[in-house]
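In what follows, a structure is listed as structure tokens, so that the remarks can point back to it.
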Amino acid sequence: VITILYNLWKIYKNENELINYSQQASQYAISKSRFLANMSHEIRTPLNSVIGFSEQLGQGSLTDQQAEQVNAIRSSSVMLLDVVNDILDFSKYETGKVSFDKINFIPFDSINEVFNSITIQASKKGIAFKNEISFKGNIGFSGDSLRLKQVVMNLLSNAIKFTDKGSVTLKADVVNISKKSALLKIQIIDTGIGIAAEDVDMIFDEFAQVYYSSTKIKQKGTGLGLAICKKIVEFQGGQIGVTSEIGKGSTFSFEIPYETSSVDS
């Protein structure tokens with residue numbers, strides 16, 4: 001009897017310790033997110049000032065060396081601002097303090113807008129940039145078009161960044177679920193350097209950095225871009241994934257369900 005009571009006491013004690021540890025871990029995650037959000041807010045204001053003043057300074061009469069230095073200041077500030085914005089965005093998603101708009105939009109136009117805005121990046125690298133949208137512009141959705149654009153922009157930018165030859169292809173399709181809902185399916189296919197099998201499982205983790213030993217390329221940035229994409233997609237009831245092979249390229253795909261809406265003529 002004593003042995004049974006002792007074992008029950010140990011089980012009870014261990015359970016309480018696990019509960020306390022879980023609560024501490026949860027509180028730590030919330031505190032970390034709040035700190036990152038507050039820090040990002042505080043840094044953004046002076047950064048915007050640096051970017052603005054460097055642009056004004058660059059319009060003055062400068063020597064070639066001074067113009068180069070001012071341009072370096074502005075470029076570095078913009079890069080740092082992008083990092084801060086990524087951290088701020090991720091903090092919002094991690095704490096759940098984010099809301100999605102529900103307004104009517106035309107997915108054909110939204111996807112094309114992103115594609116056209118990033119075409120110049122592909123042309124600078126001399127790679128083919130293909131747009132294969134299989135649905136027409138008379139389909140309307142009710143949802144957050146800006147979040148959709150953010151995901152497409154991020155995936156296309158990554159594909160171009162890691163593709164030195166060949167092509168990057170955007171494929172989009174709509175599958176009807178019911179009379180009032182449809183599934184938007186998008187694929188970003190590249191012929192780039194690819195992702196190793198051991199890295200595929202962690203590619204969507206926060207702060208994930210992939211080192212490409214064959215090309216000595218290390219992913220630049222915070223490593224939050226794909227993590228943010230994953231949260232945007234999943235918060236809307238969708239799914240995102242990747243298939244890849246080193247030296248043969250990658251295919252990032254995601255799907256998001258939307259309510260259908262009428263398109264204004």
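Keep in mind that what you see is a predicted model, and the values were worked out from it rather than measured.
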Could you pull out the closest heavy-atom pair between [X] and [Y], with the gap in Å?
X: Ile188; Y: Ala159; result: CG2-CB, 3.8 Å
X: Val242; Y: Ser250; result: CG2-CB, 4.5 Å
X: Ile133; Y: Ile111; result: CD1-CG2, 3.9 Å
X: Arg147; Y: Ile232; result: CB-CG2, 3.8 Å
X: Leu183; Y: Pro257; result: CD1-N, 3.6 Å
X: Met153; Y: Ile118; result: SD-CD1, 3.6 Å

Transitively linked via ILVMFWY side-chain contacts under 4.5 Å: [X] with [Y]?
X: Phe53; Y: Leu81; value: no
X: Phe105; Y: Phe100; value: yes
X: Phe235; Y: Val233; value: yes

Practice item. Give me the other members of the hydrophobic cluster that Ile189 sits in, counting Ile, Leu, Val, Met, Phe, Trp and Tyr linked by side-chain heavy atoms under 4.5 Å, directly or via other members. Key: none
Check your understanding: Tracing side-chain links under 4.5 Å among I, L, V, M, F, W and Y, which residues wind up in one group with Leu57?
Key -> Leu62, Val70
Practice item. Give me the one residue out of Ile193, Ile195, Asp190 that meets side chain to side chain contact (heavy atoms under 4.5 Å, CB included) with Phe162. Key: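 Result for side chain to side chain contact (heavy atoms under 4.5 Å, CB included) with Phe162: Ile193.
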**Study point:** Pairing residues for Phe254 by the ring-ring contact (aromatic ring centres under 6.0 Å, His included) criterion, not counting sequence neighbours
**Key:** none
Review point. Listed by chain and number, what are the ring-ring contact (aromatic ring centres under 6.0 Å, His included) partners of Phe129, not counting sequence neighbours?
Key: Phe115
Taking atom [atom1] of [X] and atom [atom2] of [Y], what is their separation to the nearest 0.5 Å?
X: Thr251; Y: Glu245; atom1: OG1; atom2: CD; value: 11.0 Å
X: Glu259; Y: Ser178; atom1: CD; atom2: OG; value: 9.0 Å
X: Leu155; Y: Leu170; atom1: CG; atom2: CG; value: 9.5 Å
X: Ser262; Y: Asn104; atom1: OG; atom2: CG; value: 6.0 Å
X: Cys229; Y: Lys231; atom1: SG; atom2: NZ; value: 12.0 Å
X: Met202; Y: Leu226; atom1: CE; atom2: CG; value: 10.5 Å

Exercise for review: Look at the rings of Tyr258 and Phe141 and say which category their plane angle falls in: under 30° parallel, 30 to 60° tilted, over 60° perpendicular.
Suggested key: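 Correct class here is parallel.
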For [X], I'd like to know if atom [atom1] has over 12 heavy atoms of other residues, nucleotides or ligands within 6.0 Å.
X: Gln65; atom1: CD; value: no
X: Ile19; atom1: CD1; value: yes
X: Glu68; atom1: CD; value: no
X: Gln66; atom1: CD; value: yes

So does [Y] get a backbone contact from the side chain of [X], meaning a donor-acceptor N/O pair under 3.5 Å?
X: Asn14; Y: Lys10; value: yes
X: Asp144; Y: Asp101; value: yes
X: Ser142; Y: Thr260; value: no
X: Thr191; Y: Lys165; value: yes
X: Ser123; Y: Ile120; value: yes
X: Ser134; Y: Ala172; value: yes

**Study point:** Qualifying residues under salt bridge (charged side-chain N to carboxylate O under 4.0 Å, His left out), relative to Lys230, sequence neighbours excluded
**Key:**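 Salt bridge (charged side-chain N to carboxylate O under 4.0 Å, His left out) check on Lys230 returns Glu234.
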Point to revise | Residues that Lys125 engages under salt bridge (charged side-chain N to carboxylate O under 4.0 Å, His left out), provided they are two or more places apart | key: Asp164
Heavy-atom side-chain contact between [X] and [Y] under 4.5 Å:
X: Ile186; Y: Leu148; answer: yes
X: Gln187; Y: Glu132; answer: no
X: Lys171; Y: Asp173; answer: no

Check your understanding: Under the side chain to side chain contact (heavy atoms under 4.5 Å, CB included) criterion, do Phe252 and Asn158 qualify, and how do the steps go?
Key -> CA-CA 10 Å; Phe252 282 84; Asn158 279 349; 5.9 Å; no
**Study point:** side chain to side chain contact (heavy atoms under 4.5 Å, CB included) between Lys185 and Glu255, intermediate numbers included
**Key:** CA-CA 4 Å; Lys185 293 187 173 185; Glu255 55 184 42; 3.4 Å; yes
